[in-house]
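Being a predicted model, the structure only gives us computed values, none of them experimental. For ligands, and for the atoms within them, numbers begin at 1 and follow the listed sequence.
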Amino acid sequence: MRGPLGEGYVSEPLELIADEVRSCTRCRLYQTAKQGVPGEGNPRADVLLVGEGPGFHEDVQGRPFVGPAGKLLDELLARAGLSREDVFITNVVKHRPPDNRDPRPDEMEACGDYLDRQIAAIRPKLIVTLGRHSMATFFGPAARISQIHGTTKPWRDMLAYACFHPAAALHQPRFRELLEQDFDGLPRALAQARERANALASGAPDSSPTSETAEQASDEQLSLF
Ligand code: URA
């Protein structure tokens, strides 16, 4: 699993990054996919959603989350009082893995630069991870989604918020309730992320818990269930 994304990226137009994604040959995935799917949405969004990788429908249309998982994502966003116009949506890998297999570490590594540059361009306050591959990118390879979903962790000057992947509920209905809980918690995570961003911008010392204590806090929370 790849480590934390590199820092120090300079903001550049999202369309430039999208053009590079569309002609990308950095890993094997372009050979079997129909096209690259860079992502789309509000270029000044406070919320960036990061999924796993394009599926069948996304590969055909060149847009993220446009199949059944995307329909559910729209419903979940609406629960949180958000629409696609409010957020930016992208994926850890930008070409569809064949037969929707898991993205491989070297593919995520090769694609990581695009995600980094998108983050630098958008400067979101909250990064919502959808599924375990996206979660591992921001919460680290040791994190377990069943333990940390619905919790936040400081990531650079942003917050990351872990959610199950919408497709989980399509395959196993028992995940629907957990996903709804994750998205019901999104407005609170966003409020915290905005508060943190404002405090950091005004030069206040960062009072957010470290990633370790955030994970401990979520363990404590889980032990209450
Ligand atoms: N699943 C993902 O992770 N991303 C998409 O864009 C579509 C389905």
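With a 4.0 Å cut-off on non-hydrogen atoms, E58 touches ligand 1 through its side chain and not its backbone. The side chain of H165, and not its backbone, has at least one atom closer than 4.0 Å to an atom of ligand 1 (non-hydrogen atoms only; side chain from C-beta on).
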* Residue pair V93, R104: steps toward the side chain to side chain contact (heavy atoms under 4.5 Å, CB included) verdict -> CA-CA 9 Å; V93 296; R104 294 179 182 156; over 6 Å; no
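Atom 2 (C) of ligand 1 has its closest protein heavy atom at G53 O, 3.0 Å. Counting only heavy atoms of the protein, atom 4 (N) of ligand 1 lies nearest to N91 OD1, 2.7 Å.
V37 and L14 fall into different hydrophobic clusters, where Ile, Leu, Val, Met, Phe, Trp and Tyr are joined by side-chain heavy atoms under 4.5 Å apart, directly or via other members.
Close approach to E52 involves these atoms of ligand 1, each under 4.0 Å from a residue heavy atom: 2 (C), 3 (O). Near G51, with a cut-off below 4.0 Å to any heavy atom, the atoms of ligand 1 are 3 (O).
Taking R26 as the reference, E20, C24, A110, D113, Y114, R117 meet the side-chain contact (heavy atoms from CB on, under 4.5 Å) condition, with sequence neighbours excluded.
Clustering of Ile, Leu, Val, Met, Phe, Trp and Tyr by side-chain heavy atoms under 4.5 Å joins F56 with V60.
Using a distance-only test at 3.5 Å, with no hydrogens or angles considered, a donor-acceptor pair links the side chain of E58 to the main chain of G67.
For a threshold of 3.5 Å applied to N or O pairs, the pair formed by F65 and ligand 1 contains at least one separation below that value.
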